[in-house]
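Keep in mind it's a predicted model, so treat the numbers as computed, not measured.
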Amino acid sequence: MQSSNNPEFESSAKAERPTSATMTASQRSIFFFGWFSWMRLAQIILDSILAAAAFFGAYLIRFDGHPSPIFLAQMIILTPIIVVLRLSSNWAYGAYRRLWRYTGLAEIMELGCSVLTVTTFLVFLRSAGLIAIAGNQISYSIIFIDLGLAFLLFTAARILRRLQTEHKQRRHWRQPVKRRALLIGAGDAGQLVLRELNQRSDLGVDVVGFLDDDPSKLHKRIGHLTVFGTTHDLSRLVEELFIDQVIIAMPSAPPAEIRRIADVCREAEVETRILPGLFELINGRVSVNQLREVSLEDLLGREPVQLDNASIAGYLESRCVLVTGAGGSIGSELCRQIMHFQPRTILLLGKGENSIFTIHQELKNRPEPVELIPIIADIRDESRLTKIFERYAPKVIFHAAAHKHVPLMEINVAEAVANNILGTQNVAKLADQFKVETFVLVSSDKAVNPTSVMGATKRIAELIVQDLALRSKTKYVSVRFGNVLASRGSVVPLWRQQIAHGGPVTVTHPEATRYFMLIPEAVQLILQAGAIGAGGEIFVLDMGKPVKILDLAHDLIKFSGLRPGEDIDIEFIGLRPGEKLIEELLTAEEGLSQTSYEKIFVGKPQPFDPPALHYAVTQLIGDAQAENEKSIRTGLDALVGGCLLKQDLS
């Protein structure tokens, strides 16, 4: 689109919305008294002509087209005054902060108020006898005729501009309407996004400028665009620049800042897109294809993970890697990230054929030259696992297969023991038997002072791994962390379903808190823990500050464009069996030591009696096979609830 001398009435072969090409540097120049572009100047010049024409027309109508020389002189003297009054009133009512192509009822009402204000002022001056030229007062009829003509000409010009725009829309209906966008963040990421958006006209996004909180960048030009202000100017600029979309290109922005920007955009009814955080981009490049809506994940406040890629590659590259539970949230992400380190083979093992099929189909389209073998197997089936180990001889194992739902395991106690304890024992023992180099158990914060069957079984799984580490050449480590946000079967997908059905959103307790982590971040730290472990450690990931479940529910409702307590009710249902009010990551006895990686800590292993552990685990597995729930609960309590281990620790 080429700029013409009058930007408000330019001819265009493209869509009606202004593009970055039409908004040249001169048009974006900032004058005194606010943002003052050449486009606004063109509007003012045209309105000046129209105001003068209306006043001149009023005299012609009043005197039937032949005003006497006296009144002609009066008209010539008063015209500049009338023009200044009309323009000043239009400015005060915000008429020059709007594009004429979007003129609607609100703009027409503003013009009506502006014209009426000037006319009222003129009537007051006439009544006071203050408008007299050579002893002749201006006629009331001229004032009111001028009122009608001025309103007619002002509105006609704007409506004609809108009609012209709509006509072009109909002519070019196949071309997508471009959305006017502001880029928040004038750093490297923002400039890369701008460069790619400029090359992708098919996306229909027209970036009109930047916002950045760096004082040194304010009012500077980056490429052909201007840094119009800081993020605190967002609300005003959205209205003044007719913004349709805000793109947040600040990968390391704190969550409070993203929340504030998202709230402003929500109130202004403007679409918001965000560039993923740095930990999501660590293995790729910035791309507009990665722009997405602001989500709950952006509010967790997780700092980017700094990985030691060399140490991770050192134990994964060119090896056969087995991932159990490969179809789950953590397991599938493990497979994705392991691919980057180019192992020879990844064994995708899982019990559910659909989830294994899905992750296999996804990964086989990746460019990395890694052999992918999908395996449908149950970790409780020791014979089947043995054949898998004999055939493929894995050298690294990530054991992510587990039953994780706390309330569900309270009513399926035998299944929890069979899967989480027997299954872990099978995989871990075979790792020792087949001389696996590294075994990583994916554990849970529910294993700390467990109050649930699921937590108790995960704690026993940790003890099994810790026991094997004492007598095996295989390097066994456990990695313990809290909830991963939006994982399959977690509370966030449930809330989304409840919101879609109109509520209510169910929350267990108003004071319940949980540790949350993003799935990609958790997996990166699991991979790193596998590299630094010597054997027998329980690594604890830095989960940040605990988050109130109620606050998370409020955020999700707001991100859905609704109001908590008004559009969507929140219902407190109480803590379910086995759930804690506040989660923990370590017991008092385990303590905490810093590793060489700031987000990974190591807990001191608690001493235990191996023979007593072996006996108790054998009893639990037998009770599970007999489905003796009472005996299972008694055995779990003895093993992790205090009776057995406290005697051993004393």
Side-chain angles (χ1 to χ4, degrees), residues 18-37 39 97 178-200 203 205-268 270-282 285-288 290-295 297-299 301-304:
T19 65
S20 55
T22 62
M23 298 183 71
T24 62
S26 61
Q27 287 173 317
R28 292 194 181 91
S29 298
I30 300 173
F31 287 80
F32 57 93
F33 302 133
W35 309 106
F36 198 136
S37 67
M39 182 176 63
R97 292 200 302 268
K178 288 205 168 186
R179 292 161 293 172
R180 292 170 60 81
L182 265 181
L183 263 175
I184 299 183
D188 293 339
Q191 293 177 51
L192 285 169
V193 170
L194 174 63
R195 191 175 307 136
E196 191 166 351
L197 283 172
N198 287 338
Q199 295 170 356
R200 294 283 304 277
L203 296 175
V205 177
D206 174 26
V207 180
V208 300
F210 285 98
L211 294 183
D212 200 288
D213 289 333
D214 183 352
S216 66
K217 296 178 182 176
L218 293 184
H219 312 321
K220 300 292 178 60
R221 287 178 55 202
I222 295 179
H224 62 283
L225 297 179
T226 301
V227 180
F228 284 113
T230 69
T231 55
H232 295 283
D233 300 314
L234 177 60
S235 181
R236 174 175 60 83
L237 289 172
V238 162
E239 180 181 355
E240 292 185 4
L241 298 177
F242 300 92
I243 298 303
D244 303 305
Q245 185 180 83
V246 170
I247 300 173
I248 304 172
M250 301 185 297
S252 57
E257 185 69 4
I258 294 175
R259 185 191 300 270
R260 183 178 66 82
I261 293 170
D263 287 343
V264 170
C265 293
R266 193 181 300 114
E267 291 175 6
V270 174
E271 186 180 274
T272 311
R273 289 288 181 270
I274 188 169
L275 196 66
L278 288 181
F279 67 84
E280 295 180 58
L281 302 175
I282 197 164
R285 65 182 186 89
V286 177
S287 169
V288 294
Q290 295 166 311
L291 291 175
R292 52 170 172 74
E293 293 183 357
V294 178
S295 64
E297 288 86 342
D298 299 307
L299 305 182
R302 312 295 304 176
E303 293 296 325

Review point. Does Lys217 have any salt bridge (Lys or Arg N to Asp or Glu O under 4.0 Å) partners at least two apart in sequence or in another chain, and if so, which?
Key: Asp212
Review point. Short question: side chain of Arg180, backbone of Leu241 - any donor-acceptor pair under 3.5 Å?
Key: yes
Check your understanding: When rounded to the nearest 0.5 angstrom, what is the spacing between OG1 in Thr230 and CG in Leu211?
Key -> 7.0 Å
Study note, to complete from the structure: Taking every heavy atom of Ala249 against every heavy atom of Leu183, the minimum-distance pair comes out as CB-CD2, 4.1 Å
Check your understanding: Between Ser216 and Asp214, what is the shortest heavy-atom contact and its length?
Key -> OG-OD1, 2.9 Å
Exercise for review: Taking all non-hydrogen atoms of both residues into account, name the closest pair between Val227 and Ala186 and its distance.
Suggested key: CG2-CB, 4.2 Å
Exercise for review: Mind checking the CG-CG spacing from Leu182 to Asp244? Nearest 0.5 Å is all I need.
Suggested key: 10.0 Å
Review point. Is there a side chain to side chain contact (heavy atoms under 4.5 Å, CB included) between Leu237 and Ile243 once you walk through the steps?
Key: CA-CA 8 Å; Leu237 289 172; Ile243 298 303; 5.7 Å; no
Review point. To the nearest 0.5 Å, how far apart are CG in Asp213 and OG1 in Thr231?
Key: 3.5 Å
Practice item. Among Leu218, Leu194, Thr226, find the one that has a side chain to side chain contact (heavy atoms under 4.5 Å, CB included) with Phe210. Key: Leu194
